[in-house]
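One structure is given here, and the rest of the page talks about it.
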Amino acid sequence: MRKGIPNLSALQAFEATARLGTFSRAAEELSLTHSAVYRQVASLEDRLGVQLFTRVRRRIALTDHGAEYAGRIRHHLDQIEKDTFGLVSRTGMGRSLHIAVVPTLATTWLIPRLADFNRLHPDITVSLSVRTLPFQFKDQPFDGALYHGDHVWPGTRGVLLFRERELVPVCAPAMAQASREQGGGPLAGMPHLHLNSRPDAWRLWYSENHVLFGPQAAGGPRYELFSMVLAAAEAGLGVGLVPRFLAQESLDAGQVVLPTPGVLPVPHGYYFSYPDRGHRADAPRIFQGWLQAMVGG
């Protein structure tokens, strides 16, 4: 028994009360009595030694600590619900895969191709969730991961699907034209768009191309995804560094241009890996084979 975790019923009573605003409405949702919900919340406060609600006559309001705790508990209860539905679907609807993915590759490369996998393997249901950092499969409800890195994760089976090869600077055609007319270098006067997960990319690009890295290049908006950087470049918000394979369609359509031929070589690539779980690894192996076929591996 985990001694540090409160009773699940008390947590559910607290979360429902926090979300619905009254003990009565929480009791109705949970099919309990008003007094039962009140006792559960009171016992939770006693156990934690923290006041979660203020009570004035017949009205209640979350304290600051209560509001923060309610948000966290709601997140964890939602995850328990998802994990439970996932388990039920695995046992009742044939084989299924829950894959962790990096978001931009999933939306621009994987999802447009998944119809082919569904056609070839209609008995395997593929679900996707975003993860941008490495994790341990034993701690997460995933059957496999599609991620950016430089090796297969330790303790897993996997393959390199393809190299990222290079990041290229892209911007709107009008911004490139204005920069040329201004003079002072191919990127002069352009706001630099940055990716949060690769904060040093522009500094490395300037070093690779033997150009002074100044304050203008260090500043600029930050974005979570490459797709956001590309969209911002298309909208004329600045110049961004994105993988060439991601930018190629926009380049071909004339939505963005390369204001300079300089690139940043990238040694990393996109990998697929999965834990070896005996007979349960059958579906991940099938998915890996299909991924390799998609990239010609």
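- A donor-acceptor pair shorter than 3.5 Å cannot be found between the side chains of Gln140 and Gln136.
- Under a hydrophobic clustering in which Ile, Leu, Val, Met, Phe, Trp and Tyr are joined whenever their side-chain heavy atoms come within less than 4.5 Å, directly or via other members, Leu105 and Val130 fall into different clusters.
- Side-chain atoms of Tyr206 and Leu187, non-hydrogen and from C-beta on, do get closer than 4.5 Å to each other.
- Between Thr132 and Pro103, the shortest heavy-atom contact is CG2-CD, 3.8 Å.
- Leu77 and Leu20 fall into different hydrophobic clusters, where Ile, Leu, Val, Met, Phe, Trp and Tyr side chains are chained together by heavy-atom contacts under 4.5 Å.
- Proximity of Phe135 to Phe142: side-chain heavy atoms (C-beta onward) are separated by under 4.5 Å at one or more points.
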Residue pair Met294, Asp116: steps toward the side chain to side chain contact (heavy atoms under 4.5 Å, CB included) verdict: CA-CA 10 Å; Met294 288 293 100; Asp116 180 75; 3.5 Å; yes
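- Contact detail for Ser179 and Ala188: the closest heavy-atom pair is OG-O, 3.0 Å.
- Counting heavy atoms from C-beta on, the side chains of His76 and Leu11 never come closer than 4.5 Å.
- To the nearest 0.5 angstrom, Glu234 atom CD is 4.5 Å from Gln255 atom CD.
- Side-chain polar atoms of Arg285 and Gln288 form no donor-acceptor pair below 3.5 angstrom.
- Note that the CZ atom of Phe53 and the CG atom of Leu62 stand 4.5 Å from one another [nearest 0.5 Å].
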Is there a side chain to side chain contact (heavy atoms under 4.5 Å, CB included) between Gln40 and Leu44? Walk through the geometry before answering. CA-CA 6 Å; Gln40 291 275 21; Leu44 179 62; over 6 Å; no
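- In this structure, Leu97 CG and Ile286 CD1 are separated by 8.5 Å, a value rounded to the nearest 0.5 Å.
- Distance alone, capped at 3.5 Å, is enough to place a donor-acceptor pair between the Thr17 side chain and the Ala13 backbone.
- Within a 6.0 Å sphere centred on CD of Glu28, heavy atoms belonging to other residues, nucleotides or ligands number 12 at most.
- Classified by interplanar angle (parallel below 30°, tilted 30° to 60°, perpendicular above 60°), the ring pair Phe117/Trp290 is perpendicular.
- Atom CZ of Arg222 sits about 15.5 Å away from atom CE of Met228, to the nearest 0.5 Å.
- A 4.5 Å side-chain heavy-atom check between Ser250 and Val170 finds every atom pair outside the cut-off.
- Under the 3.5 Å distance criterion, the side-chain polar atoms of His151 are left unmatched by any main-chain donor or acceptor of Gly149.
- Between the Thr156 side chain and the Ser273 main chain, no donor and acceptor come within less than 3.5 Å of each other.
- The closest donor-acceptor contact from the side chain of His98 to the backbone of Pro141 lies under 3.5 Å.
- Atoms CG and OG, on Leu212 and Ser207 in that order, are 11.0 Å from each other to the nearest 0.5 Å.
- Under the 3.5 Å distance criterion, the side-chain polar atoms of His194 are left unmatched by any main-chain donor or acceptor of Leu241.
- Within 6.0 Å of CZ on Arg157 lie no more than 12 heavy atoms contributed by other residues, nucleotides or ligands.
- Relative orientation of the Phe23 and Tyr38 rings is perpendicular, given thresholds of 30° and 60° on the angle between their planes.
- Heavy atoms from other residues, nucleotides or ligands lying under 6.0 Å from CD of Glu249 number 12 at most.
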Evaluate the criterion side chain to side chain contact (heavy atoms under 4.5 Å, CB included) for residue pair Val101 and Trp109; output intermediate values, then yes/no. CA-CA 11 Å; Val101 294; Trp109 187 86; over 6 Å; no
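- Ring orientation note: the planes of Trp202 and Trp205 are nearly perpendicular, at an angle over 60° on the 30°/60° scale.
- Using a cut-off of 4.0 Å between Lys/Arg side-chain N and Asp/Glu carboxylate O, Glu68 and Arg72 are scored as salt-bridged.
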Could you check Leu246 against Gln248 for side chain to side chain contact (heavy atoms under 4.5 Å, CB included), going step by step and ending with a plain yes or no? CA-CA 6 Å; Leu246 176 61; Gln248 194 60 56; over 6 Å; no
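- Using a 4.5 Å cut-off between side-chain heavy atoms of Ile, Leu, Val, Met, Phe, Trp and Tyr, with links allowed through other members, Leu8 and Phe14 fall into the same hydrophobic cluster.
- Atom-to-atom distance recorded for Cys171:SG and Leu230:CG is 11.5 Å, nearest 0.5 angstrom.
- When side chains are defined from C-beta on, Leu237 does not count as touching Pro191, because their heavy atoms never get closer than 4.5 Å.
- A 4.5 Å side-chain heavy-atom check between Phe287 and Ile99 finds at least one atom pair inside the cut-off.
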Step-by-step side chain to side chain donor-acceptor pair (under 3.5 Å) determination, Ser35 to Thr33: CA-CA 5 Å; Ser35 59; Thr33 65; 3.2 Å; yes
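- Distance alone, capped at 3.5 Å, is enough to place a donor-acceptor pair between the Asn7 side chain and the Ser9 backbone.
- For the pair Val242/Thr104, no side-chain contact is recorded, criterion being any heavy-atom separation below 4.5 Å from C-beta on.
- The pair Asp200-Arg203 meets the salt-bridge criterion, since a charged nitrogen lies less than 4.0 angstrom from a carboxylate oxygen.
- Under the 4.5 Å side-chain heavy-atom criterion for Ile, Leu, Val, Met, Phe, Trp and Tyr, Phe226 and Val263 are members of the same hydrophobic cluster.
- The main-chain N or O of Ala100 is never found under 3.5 Å from a side-chain atom of Ser129 such that the two would form a donor-acceptor pair.
- Proximity of Arg165 to Arg244: side-chain heavy atoms (C-beta onward) are nowhere separated by under 4.5 Å.
- Annotation: His34, atom NE2; neighbour count of heavy atoms from other residues, nucleotides and ligands within 6.0 Å is above 12.
- Residue Ala16 comes nearest to Glu29 through the heavy atom pair CB-OE2, 3.9 Å, listed as atom of the first residue, atom of the second, then distance.
- The environment of CD in Glu224 is sparse: at most 12 heavy-atom neighbours from other residues, nucleotides or ligands sit within 6.0 Å.
- Ring planes of Tyr270 and Phe162: tilted class, angle from 30 to 60°.
- Under the 4.5 Å side-chain heavy-atom criterion for grouping Ile, Leu, Val, Met, Phe, Trp and Tyr, Ile60 is connected to Leu52 within one hydrophobic cluster.
- For the pair Tyr147 (side chain) and Trp153 (backbone), a donor-acceptor distance under 3.5 Å is present.
- Counting heavy-atom neighbours within 6.0 Å of Asp46 CG, excluding the residue itself, gives a total above 12.
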